[in-house]
A.B. asks: 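Attaching a single structure in structure tokens format; questions to follow.
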Amino acid sequence: MRITKKIKDEMIRRLEILYHDTKSALNFNNPFELLVAVILSAQCTDVRVNITTQRLFKKAPTPHDIVNIGITDLELEIKDCGLFRNKAKNIFSTCKILCDKYNGQVPSDYNELLALPGVGRKTANVVSSIAFNRPAIAVDTHVFRVSNRLKLAIGKTPDEVEKKLQKAIPREKWSNAHHWLIWHGRKICKARQPLCEECSLKDLCPSFMERQSQD
DNA sequence: CTCCCGATAT
DNA sequence: ATATCAGGAG
């Protein structure tokens, strides 16, 4: 069944009320720290990333420092986050580029962000919107799952869901809505056992309706 | 599509 | 035991 524009607006309205004061769960003090944290966050909890970055930035706070400690030590530093060989290689290469091309700074241009190794659309959107205040909806695992369950934006890929979310949500709310959807996914609309009974959107949610009518 | 991958929740 | 965790590259 199709979800009307009116219902989607009501979903957004309720999410905004519920999660209006939420922000990034990743700890960072500047765009560079955010960039590294987001690269590390792939297939890893934010709690684990925050423990790792705190330790890492104490030893190597700048791109230059990370290039100096080298890939092998970097691998050991970030091992707990998983996918550590890929992440270490990407963070190292990205830091080298930041030093060589950008004077040790993170570029604010979207396409330049996207061109960095280990930076895909999701990471570029997060850095772009949080660090540089550009409207963007980063579609991570939570945003993807919640959007599909609510049928707020249906898609087989994150890119597809991103495009549909951009149509469903006014541009000035994009960056905030990204956080509303994440927090809803973390607290209520969880991957394994969603807390549908506690969900303030259950009367609007097609997935909950379907689940109801089964038993 | 597959591979990368340790920590954690269920 | 196994699904999942703020994905991206080949």
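A, B, ... follow the sequence lines: proteins, then strands. Residue 1 opens every chain. Bear in mind the structure is a predicted one, so any value in this text is a computation, not a measurement.
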A.B. asks: Grab the two heavy atoms, one from Gly118(A) and one from Thr123(A), that are nearest each other, plus how far apart they are.
C.D. replies: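 Scanning both residues, the minimum pair turns out to be O-OG1, 4.4 Å.
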A.B. asks: Minimum heavy-atom separation for Lys23(A) to Trp183(A), with atom names?
C.D. replies: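 Of all heavy-atom pairs spanning Lys23(A) and Trp183(A), the closest is O-NE1, 3.0 Å.
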A.B. asks: Grab the CG-P distance between Asp159(A) and dA9(C) for me, whole Å please.
C.D. replies: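 Computing the Asp159(A):CG to dA9(C):P distance gives 12 Å.
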A.B. asks: Is there a side-chain contact between Leu181(A) and Leu152(A) (heavy atoms, below 4.5 Å)?
C.D. replies: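 The answer is yes; the side chains approach within 4.5 Å.
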A.B. asks: For salt bridge (Lys or Arg N to Asp or Glu O under 4.0 Å), just list the numbers for Lys151(A) and Glu210(A), CA-CA rounded to whole Å, side-chain angles, deciding distance to a tenth of an Å, and then say yes or no.
C.D. replies: CA-CA 12 Å; Lys151(A) 299 194 179 179; Glu210(A) 285 172 27; 3.5 Å; yes
A.B. asks: Do Phe208(A) and Arg149(A) have side chains that approach each other closer than 4.5 Å (heavy atoms only, starting at C-beta)?
C.D. replies: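 Phe208(A) does not reach Arg149(A) side chain to side chain.
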A.B. asks: Counting N and O atoms only, with roles assigned by atom type, does the side chain of Asn27(A) sit under 3.5 Å from a partner on the main chain of Asn50(A), one being a donor and the other an acceptor?
C.D. replies: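 Side chain of Asn27(A) to backbone of Asn50(A): no pair is present.
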A.B. asks: Hey, are Thr62(A) and Asp65(A) close enough side-chain-wise for a donor-acceptor pair under 3.5 Å?
C.D. replies: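 Yes, Thr62(A) and Asp65(A) have a side-chain donor paired with an acceptor closer than 3.5 Å.
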A.B. asks: I'd like to check Val161(A) versus Arg145(A) (side-chain heavy atoms, cut-off strictly below 4.5 Å). Are they in contact?
C.D. replies: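 The answer is no; the side chains never approach within 4.5 Å.
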A.B. asks: So, Ser108(A) side chain and Phe132(A) main chain: donor-acceptor pair closer than 3.5 Å or not?
C.D. replies: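 Flag not set: sc Ser108(A) to bb Phe132(A) has no pair under 3.5 Å.
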A.B. asks: Expressed as a whole number of angstroms, how long is the span from Lys122(A):NZ to dA9(C):P?
C.D. replies: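 Interatomic distance, NZ of Lys122(A) to P of dA9(C): 13 Å.
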A.B. asks: Rounding to an integer number of Å, can you tell me how far Leu113(A) CG sits from dG8(C) P?
C.D. replies: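 Atom CG in Leu113(A) sits about 12 Å away from atom P in dG8(C).
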A.B. asks: As a test of reading the structure: which of dG7(C), dA6(C), dA3(C) is closest to the side chain of Arg186(A), going by heavy atoms?
C.D. replies: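 Closest nucleotide to the Arg186(A) side chain: dA6(C).
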A.B. asks: Among residues at least two apart in sequence or on other chains, which ones pass side-chain contact (heavy atoms from CB on, under 4.5 Å) with Asn30(A)?
C.D. replies: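 Expected list: Phe32(A), Glu33(A).
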A.B. asks: Taking only the P atom of each, what is the distance from dA6(C) to dC4(B) in whole angstrom?
C.D. replies: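 My reading of the P atoms in dA6(C) and dC4(B) gives 22 Å.
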A.B. asks: Strictly below 4.0 Å, heavy-atom distances to any atom of DNA chain C: list the hits from residues 125-149 of chain A, or just say none.
C.D. replies: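 Contacting residues: Asp140(A), Thr141(A), His142(A), Arg145(A).
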A.B. asks: What integer distance in Å separates Asn50(A):CG from dA6(C):C1'?
C.D. replies: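 Result: 11 Å.
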A.B. asks: Give, ordered by number, those residues of residues 25-40 of chain A having at least one heavy-atom distance below 4.0 Å to an atom of DNA chain C; if nothing qualifies, reply none.
C.D. replies: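 Those residues whose heavy atoms fall under 4.0 Å from DNA chain C, taken from residues 25-40 of chain A in numerical order, are Ala25(A), Leu26(A).
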A.B. asks: If you assign each of Val119(A) and Val47(A) to its closest nucleotide in DNA chain C, which residue comes earlier from the 5' end?
C.D. replies: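 Of the two residues, Val47(A) wins.
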A.B. asks: Side chains of Leu18(A) and Trp180(A): closer than 4.5 Å at any heavy-atom pair?
C.D. replies: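 Leu18(A) vs Trp180(A): side chains apart.
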A.B. asks: Run the side chain to side chain contact (heavy atoms under 4.5 Å, CB included) test on Trp174(A) and Leu165(A) for me, step by step, so that the C-alpha distance in whole Å, both residues' side-chain angles and the decisive distance to 0.1 Å come before the verdict.
C.D. replies: CA-CA 8 Å; Trp174(A) 284 3; Leu165(A) 283 174; over 6 Å; no
A.B. asks: Can you work out whether Leu83(A) or Arg48(A) has the more 5'-proximal nearest nucleotide on DNA chain B?
C.D. replies: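 That would be Leu83(A).
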A.B. asks: Is any side-chain heavy atom of Leu204(A) closer than 4.5 Å to one of Leu150(A)?
C.D. replies: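 No, their side chains stay 4.5 Å or more apart.
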A.B. asks: Using a 4.0 Å cut-off to any heavy atom of chain A, which nucleotides of DNA chain B are the first and last in contact, reading 5' to 3'?
C.D. replies: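 For DNA chain B, the relevant span reads dC4(B) to dT10(B).
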A.B. asks: Ignoring backbone atoms, test whether Thr123(A) places a side-chain nitrogen or oxygen under 4.0 Å from the OP1 or OP2 oxygen of dA6(C).
C.D. replies: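 Answer no for this pair, as no side-chain N or O of Thr123(A) is under 4.0 Å from OP1 or OP2.
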A.B. asks: Can you sort out which residues in residues 84-99 of chain A have a heavy atom within less than 4.0 Å of DNA chain B? Ascending by number, please.
C.D. replies: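 Hits under 4.0 Å, by residue number: Phe84(A), Arg85(A), Asn86(A).
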A.B. asks: Can you check whether Tyr19(A) and His184(A) have ring centres sitting under 6.0 Å from each other?
C.D. replies: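 Aromatic pair counts; centres sit under 6.0 Å.
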A.B. asks: Can you find a heavy atom in the side chain of His142(A) that is under 4.5 Å from one in the side chain of Ser147(A)?
C.D. replies: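 Side-chain contact under 4.5 Å: no.
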A.B. asks: Quick one, Ile3(A) and Pro206(A) - any side-chain contact, counting heavy atoms below 4.5 Å?
C.D. replies: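 A side-chain contact under 4.5 Å exists here.
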A.B. asks: Could you pick out which residue, Gln193(A) or Gln43(A), lies toward the 5' side of DNA chain B when each is mapped onto its nearest nucleotide?
C.D. replies: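 So the residue in question is Gln43(A).
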A.B. asks: What residues from residues 173-184 of chain A pass a heavy-atom cutoff of under 4.0 Å to DNA chain B?
C.D. replies: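 By residue number: none to list.
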A.B. asks: Rounding to a whole Å, what distance do you find between Glu162(A):CD and dG8(C):P?
C.D. replies: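 These atoms are roughly 11 Å apart.
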A.B. asks: Would you classify Gly120(A) as touching base, sugar-phosphate or nothing, given that sugar-phosphate means primed atoms plus P, OP1 and OP2, and contacts are heavy atoms under 4.0 Å?
C.D. replies: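 Sugar-phosphate only.
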A.B. asks: Name the closest nucleotide to the Thr45(A) side chain, picking from dA6(C), dG7(C), dA3(C).
C.D. replies: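 Comparing dA6(C), dG7(C), dA3(C) against the side chain of Thr45(A), the answer is dA6(C).
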